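A short worksheet on the structure shown next.
Both backbone and side-chain heavy atoms feed into the values below; hydrogens, waters and symmetry mates do not. Remember, predicted model here, so these are calculated numbers, not experimental data. Chain naming here is simple, since letters A, B, ... match the order of the sequence lines and numbering starts at 1 in each.
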Number of protein chains: 2
Amino acid sequence: MEFREAKNKFVQTWGALGSQWGINKTMAQIHALLMISHEPLSMEDIMEELQISRGNASMNLRALMDWGIVYKEFKQGERREFFTAEKDLDELAVKIAQERSKREIKPALKVLKEVSTGVKDDKSAEAKHFTDQTEKLYDFVLKADNMLEKATEYKDNWLAGLVMKLMR
Amino acid sequence: MEFREAKNKFVQTWGALGSQWGINKTMAQIHALLMISHEPLSMEDIMEELQISRGNASMNLRALMDWGIVYKEFKQGERREFFTAEKDLDELAVKIAQERSKREIKPALKVLKEVSTGVKDDKSAEAKHFTDQTEKLYDFVLKADNMLEKATEYKDNWLAGLVMKLMR
DNA sequence: AATAACTTTCAAATATTTTTGAAAGTTTGA
DNA sequence: TCAAACTTTCAAAAATATTTGAAAGTTATT
């Protein structure tokens with residue numbers, strides 16, 4: 001297999017994976033590209049390689065930086081900006097877990113708490129079951145989120161760390 | 001808060017969460033509705049409650065059944081079919097983890113293996129770095145997938161099970 | 001302060017995904 | 001076997017998300 005072909009295949013696959021996980025294709029592709037690039041890339045490089053517009057590149061790079069998994073880099077005597085991806089995979093996983101918790105799980109928990117404790121007067125079997133079920137869901141999601149949080153505190157040795165935390 | 005209002009809020013929130021995780025909104029909403037319903041619902045019920053078309057309901061119910069998290073149920077002397085959701089949350093988590101592994105992680109692993117071992121002749125630093133990085137990625141994703149698999153084998157007591165598996 | 005080299009923004013265009021609804025398909029019971 | 005009661009399919013329509021590109025903004029250099 002040609003290097004070029006392999007690279008392309010990787011970028012495409014990573015991009016497709018991204019869409020299935022609620023991240024947009026270009027964002028995931030830029031990330032893929034930066035992951036395997038041995039030196040920082042400029043916006044031009046990225047536009048060229050992925051055949052995308054300047055605006056698209058700019059917006060998705062900003063999004064990646066907001067996630068904390070891509071960094072700006074300044075090169076000696078170069079005016080333009082270069083970008084690199086977080087290459088430490090444990091660190092990458094931690095960042096992604098933290099962001100998803102913050103953006104998705106925490107807000108969902110808030111609503112779950114509201115709805116599971118909010119229906120007071122209705123004594124019907126229906127309402128009873130609703131409160132019961134959403135309460136269980138709240139507990140479950142909260143537990144999962146806590147585990148995620150604890151696991152990420154330890155990165156490299158997350159399992160040992162998690163066990164210790166949970167056993168105390 | 002009214003029961004109706006709480007129910008609606010829950011269904012909406014679960015739906016929004018679904019979209020962020022690559023599951024479509026209606027599918028997630030149907031699931032939410034079935035989760036909190038104390039008795040099986042017919043397709044009519046679901047269409048009515050969520051204000052969606054017959055085709056939409058049919059397709060998304062089939063998808064939920066393919067995921068193994070919604071079941072058909074037959075009622076005594078009733079011609080039409082009723083649906084219920086998996087309500088055991090541990091079981092639900094296991095099913096989701098298994099499906100995602102099968103549908104997304106496994107195929108990605110296949111490609112990662114291909115590209116990480118496929119570039120043989122190119123001796124450039126670029127190609128070297130590519131092979132190196134994709135290899136690391138392969139190992140990482142494989143490890144994560146294995147852990148997921150092992151954890152799900154134990155459901156209720158997944159942590160103990162996981163620790164035992166990994167320590168052997 | 002003016003210019004050049006770059007980046008960001010955002011409204012409009014494009015692409016993708018989801019939804020609809022009517023026709024085709026299936027199953028049950030008379 | 002037929003008709004009634006239901007479900008599935010799928011092409012077209014609608015909704016949503018992404019992308020473009022040009023104008024506005026920013027920063028560094030002279």
Whether A:K72 contacts C:dT8 is assessed here as follows: a side-chain N or O lying under 4.0 Å from the phosphate OP1 or OP2. Is that the case?
yes
Under 4.0 Å: is that the gap between some side-chain N or O of A:T26 and OP1 or OP2 of D:dT19?
yes
Could a donor-acceptor pair under 3.5 angstrom be found where the side chain of A:R80 meets the base of C:dA5?
no
Rounded to whole angstrom units, what separation is found between the [atom1] atom of [X] and the [atom2] atom of [N]?
| X | N | atom1 | atom2 | result |
| --- | --- | --- | --- | --- |
| B:M47 | D:dT8 | CE | P | 12 Å |
| A:M43 | D:dT20 | CE | C1' | 13 Å |
| B:E44 | D:dC6 | CD | P | 8 Å |
| B:M65 | D:dT7 | CE | P | 11 Å |
| B:R79 | C:dT28 | CZ | C1' | 4 Å |
| B:I30 | D:dT7 | CD1 | P | 13 Å |
| B:D66 | D:dT8 | CG | P | 11 Å |
| B:Q29 | D:dA15 | CD | C1' | 14 Å |

Are the aromatic ring centres of B:Y71 and B:F83 under 6.0 angstrom apart?
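Ring centroids of B:Y71 and B:F83 are no less than 6.0 Å from each other.
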If the threshold is 4.0 Å, N to carboxylate O, is there a salt bridge linking B:E81 and B:K75?
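No, B:E81 and B:K75 are not salt-bridged.
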Using the ring-ring contact (aromatic ring centres under 6.0 Å, His included) rule, take A:F130 and B:F3 through it: C-alpha gap first, then chi angles, then the decisive distance, then the call.
CA-CA 8 Å; A:F130 173 84; B:F3 168 51; 5.6 Å; yes
First of A:F83 and A:S19 reached from the 5' end of DNA chain C, by closest nucleotide
A:F83
Please tell me which of A:E78 and A:G55 maps to the more 5' nucleotide of DNA chain C, matching each residue to the nucleotide holding its nearest heavy atom.
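Final value for this comparison: A:E78.
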Of the candidate nucleotides [options], which contains the atom at the shortest distance from the side chain of [X]?
| X | options | answer |
| --- | --- | --- |
| B:M59 | D:dT19, D:dT9, D:dT8 | D:dT9 |
| B:N24 | D:dT19, C:dT18, D:dT9 | C:dT18 |
| B:K25 | C:dT19, C:dT8, C:dA5 | C:dT19 |
| A:N56 | D:dT20, D:dT9, C:dT20 | D:dT20 |
| B:N60 | C:dT19, D:dT19, D:dT8 | C:dT19 |
| A:R54 | D:dT8, D:dA4, C:dT7 | C:dT7 |

Any side-chain donor paired with an acceptor under 3.5 Å for A:W21 and B:E104?
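The criterion, which ignores hydrogens and geometry beyond distance, is satisfied for B:E104 and A:W21.
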Mind checking what makes ring pair (Phe, Tyr, Trp, His ring centres under 6.0 Å) contact with A:Y138, not counting sequence neighbours?
none
